[in-house]
Amino acid sequence: MESWDLIIIGAGPAGLTAGLYGVRSGLKTLVIEEKIPGGAAADAPLIENYPGFPSVSGQELVAKMVEHCEKFKVPIKQFEKVVGMKLTGEKKLIQTEQGEYEASAVIIASGCNRRELNVPGESEFRGKGVSYCAVCDGAFFKGKSVLVVGGGNSAAISAIYLSNIASEVKLAHRRERLRAEEAYVRELLERKVEILWNTEVKEIRGDTRVRSVLLFNNKTGETKEVKIDGIFVQVGEVPNSQPAREAGVAVDAGGFIIVDSRQRTNIPGVYAAGDVTATPVKQVGVAVGQGIIAAMEAFGHIKKPYYYPG
Ligand code: NAP
C-alpha cells in the first residue's frame, strides 16, 4: 500500500490548488482524479469573474492551473476512481479501482456532476442532440436551432456561448425570473436569446436524433411541441460525495459535504473543498480559496507547527 501525508480526491480548481499548497508545504501529497484534471470548470464556455482573467475559457484557466501543478511536481493520478474510504482512524485508507493508499489527512474535492432533467427521451437521445456541455458539443449545432434549459449561471453562459454558433437559441426556465448574475442576463437579452418563461420540458422527441421538445407552460397550462435540433440541459449539479458519505462524512440534505470555516468535516483529518461542499457560492475563486485553507489545515493537522490552533 502506498503511503502519503496528504491525499486529495479530485483535480478541479479546489484539488489542484490544494495539491500545489500541499507540495509547496513539504507534504508528501497525492491528487487522485477519476477523469482528467480540470473538473466542471473545464466545461465552462466563458469565465469572466475570476480575478486577473477578465475573459477566459474554463479550459484555458484550468490548463494554466495544471501547468502550475506540473511546475511544482504535484503528483496527479488520473483515470483512477475512488470506490471506498475508511476515514475514522489515525491513518485514512483510500481504495480506488486500481489500488489502495493511506494518508494522514484527506481533502475531498470531488466536485459535482450535472443534474439530469429525468424526462422521457433524455437518456435515449443523449449524444444525439441531448447535451450537458456547450463547450464539448456546441460545434455540432452550427447554424441549427437549440434550446438551453435552466435559469442559473450555467444555463445563461451556455446560451450566450451557443448564440455564437447556432442560428437560434432559446432558453427555457421554469420560473419567470432567472437566478443567473445580472451581467449574464443583460448579455442574453443583447444577444436576442429568446427566453421562454414558466416553461418546463416534458419530453424530448426525435427519430435517430432530437427533432423537437414538448414544452409545458406552468402559468397558462398550455403544452406545445417546438422543433429544435439540440437541447442543452443546465439545471444544476449533484455532489460527488457518495464514498465520503458512506465513510461517515456528514452531508446536508442535498448530499453536499458540511464544512466549517476551516474546511474541516466532522471527521478529524478530513477536509473538503470546492463544489462538493455545502457552500452556497460555487465559483472557481471560492474553490481555489477553499483548497488553500484545506491544504493549510491538513498541514497543521499533520505537522503540528507551533502556530497551529489545533
Ligand atoms: P444552479 O445555480 O443551481 O441553477 C440551476 C437552475 O436549474 C435553476 O434555475 C433551477 O430552477 C433549474 N432547475 C433545477 N432543477 C430543474 C429541473 N428538474 N427542471 C428544470 N429546471 C431545473 O446551477 P448552475 O447554473 O449549474 O450553477 C451551479 C453553481 O455554479 C451555482 O452556484 C452557480 O452560481 C455556479 N456557477 C457560476 C458560474 C460563474 O460565476 N461564472 C458559472 C457557472 C456556474 P430554479 O431557479 O427554479 O430553482
Side-chain angles (χ1 to χ4, degrees), residues 10 12-14 38-62 109-123 130-136 138 147-162 170-188 193 195-204 213-219 231-241 252-257 273-290:
D43 293 344
L46 185 66
I47 296 176
E48 290 183 324
N49 50 11
Y50 188 70
F53 294 80
S55 180
V56 64
S57 76
Q59 250 166 9
E60 219 180 313
L61 185 60
V62 297
S110 45
C112 290
N113 280 324
R114 290 255 148 240
R115 183 181 290 128
E116 296 180 6
L117 273 174
N118 285 318
V119 295
E122 184 177 20
S123 51
V130 174
S131 170
Y132 300 84
C133 173
V135 172
C136 321
L147 177 77
V148 178
V149 190
N153 280 335
S154 300
I157 293 169
S158 297
I160 292 165
Y161 177 79
L162 289 164
K170 292 183 165 71
L171 176 73
H173 181 38
R174 63 186 180 183
R175 289 181 206 279
E176 52 197 3
R177 283 196 68 171
L178 298 174
R179 65 165 76 194
E181 271 172 45
E182 191 51 40
Y184 297 131
V185 177
R186 270 202 306 275
E187 200 170 340
L188 279 176
V193 170
I195 304 181
L196 309 175
W197 302 108
N198 300 107
T199 299
E200 298 171 23
V201 175
K202 288 296 178 195
E203 190 180 337
I204 301 167
V213 279
L214 203 61
L215 300 179
F216 170 70
N217 185 309
N218 56 30
K219 204 166 181 188
I231 174 166
F232 287 81
V233 179
Q234 297 287 318
V235 294
E237 305 177 317
V238 283
N240 286 325
S241 59
D252 70 6
F256 292 92
I257 296 176
D275 285 5
V276 75
T277 69
T279 172
V281 185
K282 308 235 185 288
Q283 299 283 314
V284 177
V286 172
V288 164
Q290 290 186 333

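Since this is a predicted model, take the numbers as computed values, not measurements. As the structure lists them, so they are numbered: ligands from 1, and atoms in each ligand from 1.
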Check: Out of Gln234, Glu200, Lys282, Arg115, who gets a non-hydrogen atom closest to atom 35 (C) of ligand 1?
Finding: Lys282
Notebook entry, point to check: Looking only at N/O atoms, are Tyr184 and ligand 1 under 3.5 Å apart anywhere?
Noted result: yes
Next item on the list: Can you sort out which atoms of ligand 1 are near Glu181, meaning under 4.0 Å from one of its heavy atoms?
Entry: 40 (O)
Note to self: Checking a contact table here: which protein heavy atom is nearest atom 19 (N) of ligand 1, and how many Å away?
What the structure shows: Leu117 CD2, 3.6 Å
Check: What residue and atom, counting heavy atoms only, is the protein's closest point to atom 6 (C) of ligand 1, and at what distance?
Finding: Gly151 N, 3.6 Å
Checklist line | Carboxylate-amine/guanidinium contact Glu116 Arg114, below 4.0 Å | finding: no
Item checked: atom 16 (C) of ligand 1 - nearest protein heavy atom and its distance -> Arg174 NH1, 3.3 Å
Margin query: If we set the cut-off at 4.0 Å for heavy atoms, which region of Asp275 has an atom near ligand 1: side chain, backbone, both, or neither?
Written below: neither
Check: Quick one: nearest non-hydrogen protein atom to atom 25 (O) of ligand 1, plus distance?
Finding: Ser154 N, 3.0 Å
Item checked: For atom 40 (O) of ligand 1, the protein heavy atom that lies nearest, with its residue and separation -> Asn49 ND2, 2.8 Å
Notebook entry, point to check: When you measure from atom 21 (N) of ligand 1 to every protein heavy atom, which one gives the shortest distance, and what is it?
Noted result: Val235 CG1, 3.4 Å
Notebook entry, point to check: What is the nearest protein non-hydrogen atom to atom 2 (O) of ligand 1, stated with its residue, atom name and distance?
Noted result: Arg179 CD, 3.6 Å
Checklist line | Listed partners of Asn113 passing side-chain contact (heavy atoms from CB on, under 4.5 Å), at least two apart | finding: Lys35, Val238, Asn240
Check: Should you measure from each heavy atom of Arg175, which atoms of ligand 1 turn up under 4.0 Å away?
Finding: 45 (P), 46 (O), 47 (O), 48 (O)
Checklist line | atom 23 (O) of ligand 1: nearest protein contact (heavy atom, Å) | finding: Gly236 CA, 3.3 Å
Check: Heavy-atom count around Glu176 CD within 6.0 Å, excluding the residue itself: above 12?
Finding: no
Next item on the list: Using heavy-atom distances, let me know which of Asn153, Val286, Ile47 sits nearest atom 38 (C) of ligand 1.
Entry: Asn153
Notebook entry, point to check: Which of the numbered atoms in ligand 1 are below 4.0 angstrom from a heavy atom of His173?
Noted result: 9 (O), 11 (O), 45 (P), 46 (O), 47 (O)
